[in-house]
Number of protein chains: 2
Amino acid sequence: MPEQITELSVRDALIAQSLVEVVSASNRLTRYAARATGETESPAVWRTLAVLRTSGPLRIGELAAESRVAQPTMTKIVRGLAESEWVLRIADQEDARAWQIAITAKGERAFQTWRARLGEAMLPLFSDLTDEEIEVLASASALVHARIAGQLLTAGD
Amino acid sequence: MPEQITELSVRDALIAQSLVEVVSASNRLTRYAARATGETESPAVWRTLAVLRTSGPLRIGELAAESRVAQPTMTKIVRGLAESEWVLRIADQEDARAWQIAITAKGERAFQTWRARLGEAMLPLFSDLTDEEIEVLASASALVHARIAGQLLTAGD
DNA sequence: TCAGGTATATAGCCAAGCTATGTAATAATG
DNA sequence: CATTATTACATAGCTTGGCTATATACCTGA
């Protein structure tokens with residue numbers, strides 16, 4: 001089945017377009033900020049910490065799924081995070097093969113520092129935002145976050 | 001000067017926080033969509049085409065700056081794009097060292113196809129959006145796009 | 001108890017990005 | 001006009017982040 005063309009409703013097309021524009025614009029912004037701050041950690045590291053903060057301790061496999069990387073990639077990321085003492089590996093009580101990965105206070109601080117650094121890098125471009133515009137950004141991110149967190153990747157669809 | 005801590009105004013802190021949340025949420029969403037679609041091209045390729053579409057033909061150096069990659073990286077990206085016939089290299093009239101890089105009709109089609117594919121991958125998570133929420137997403141991306149396009153990276157600050 | 005399945009680890013590969021540097025053209029300067 | 005400095009792109013070579021395939025250890029069910 002090559003090149004499956006799907007006909008979307010006008011409404012769905014509008015939604016899809018808005019979503020694509022959000023991720024495109026954000027991608028450019030992220031890239032700008034990452035270079036401005038001379039970021040050294042990979043995005044996956046920060047995604048992983050973000051997941052751990054909101055979900056609490058998770059197994060490596062769960063963490064991989066939620067951070068959208070393959071399991072061996074997450075094994076590697078967790079090794080690095082554990083060496084930095086940003087996460088702690090806790091032996092799983094119920095399964096000796098597994099670990100519970102938890103963010104540490106040090107990891108939490110690193111995460112906050114990263115957020116501050118990133119925010120400051122972007123700020124000069126956005127210091128003129130109106131209250132309404134700030135609200136728009138906050139709403140947009142909340143809306144996306146609510147729908148993306150905890151979504152498994154469905155292989156079929 | 002290690003670990004420069006800057007005190008932001010409450011307002012700036014709010015803006016910075018909203019921005020960080022936007023890029024974090026979008027990053028997770030992008031990553032979801034990229035895996036769902038089995039994306040093969042790098043994000044930089046699509047950023048580059050997006051820049052060319054809105055800015056018109058650019059030199060490799062300008063394109064590198066605007067797409068937020070180093071110049072040799074852009075040389076490599078353009079080589080790939082030219083091989084796919086998604087861009088055309090046009091000898092610069094005013095400088096024999098330089099090229100004008102222009103998107104082709106084929107490149108434009110590839111870009112649109114990518115957008116459609118990406119949008120459809122995200123749609124299932126967002127099909128319940130209200131009109132107001134769609135508007136919020138569109139406004140947020142417009143707002144970001146307007147401020148990020150054409151911004152050079154200031155080495156100082 | 002043993003067969004199959006599952007959680008993580010390891011090995012090894014590939015691609016994308018970078019820095020440093022080369023080459024050729026242009027610009028500036030005496 | 002000759003020479004030197006600068007600029008635009010290309011090349012070389014490296015590092016790293018991600019992947020697939022597979023090994024290892026443990027768990028589960030017949």
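Residue numbering restarts at 1 for every chain, and letters A, B, ... go by the order of the sequence lines.
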*Residues from residues 70-80 of chain A sitting under 4.0 Å of DNA chain D, heavy atoms only?*
A:A70, A:P72, A:T73, A:K76, A:I77
_Among residues at least two apart in sequence or on other chains, which ones pass side chain to side chain contact (heavy atoms under 4.5 Å, CB included) with B:A96?_
none
*Using heavy atoms and a sub-4.0 Å distance, could you list which residues of residues 49-59 of chain B are near DNA chain C? By number, please.*
none
_Applying side chain to side chain contact (heavy atoms under 4.5 Å, CB included), can you list everything that pairs with B:T40, at least two apart in sequence or on another chain?_
none
*Between A:T40 and B:G61, which has a closest nucleotide on DNA chain D that is more 5'?*
B:G61
*asked:* Under the rule for salt bridge (Lys or Arg N to Asp or Glu O under 4.0 Å), what residues qualify as partners of A:R115, not counting sequence neighbours?
replied: B:E21
*By salt bridge (Lys or Arg N to Asp or Glu O under 4.0 Å) - contacts of A:E108 (at least two apart)*: A:R53
*asked:* By the ring-ring contact (aromatic ring centres under 6.0 Å, His included) test, which pairs, at least two apart or in different chains, include something from residues 46-97 of chain A?
replied: A:W46-A:W86, A:W46-A:W114
*Just do the salt bridge (Lys or Arg N to Asp or Glu O under 4.0 Å) check on B:R28 and A:E66 with the steps written out, would you?*
CA-CA 9 Å; B:R28 287 178 74 171; A:E66 187 68 18; 2.9 Å; yes
*Residue B:R35, side-chain atoms from C-beta onward, closest of C:dG17, D:dC19, C:dT8*: D:dC19
_For B:R89, salt bridge (Lys or Arg N to Asp or Glu O under 4.0 Å) partners two or more places apart_ = none
*May I have the distance from B:Q100 (atom CD) to D:dA8 (atom C1'), rounded to whole angstrom?*
12 Å
*Let me see the working for A:L49 and A:V87 under side-chain contact (heavy atoms from CB on, under 4.5 Å), right down to the final yes or no.*
CA-CA 8 Å; A:L49 287 182; A:V87 303; 4.0 Å; yes
*asked:* Tell me the interatomic distance from A:E39, atom CD, to D:dG17, atom P, rounded to whole angstroms.
replied: 11 Å
*Between A:R31 and A:E62, who's closer to the 5' end of DNA chain C by nearest nucleotide?*
A:E62
*asked:* Check the phosphate of C:dA7 against A:R89, side-chain N and O only, distance under 4.0 Å to OP1 or OP2. Yes or no?
replied: no
Between the protein and nucleotides 23-26 of chain C, list the N/O to N/O atom pairs that are separated by less than 3.5 angstrom.
residue : atom : partner : partner atom : Å
C:dA25  : N3   : B:R97   : NH1          : 3.3
C:dT26  : OP1  : B:A96   : N            : 3.1

*Considering residues at least two apart in sequence or located in another chain, which fulfil the side chain to side chain contact (heavy atoms under 4.5 Å, CB included) criterion with B:R109?*
B:A105, B:K106
*asked:* I need the CD-C1' distance between A:E41 and D:dG18, as an integer number of Å.
replied: 16 Å
_According to side chain to side chain contact (heavy atoms under 4.5 Å, CB included), who are the partners of B:L129, at least two apart in sequence or on a separate chain?_
A:I15, A:L143, A:R147, B:F126, B:E133, B:I134, B:L137
Listing, residues 69-80 of chain A side-chain donor-acceptor contacts under 3.5 Å, not counting sequence neighbours, or none:
residue : atom : partner : partner atom : Å
A:Q71   : NE2  : A:T75   : OG1          : 3.0
A:T75   : OG1  : A:Q71   : O            : 3.3

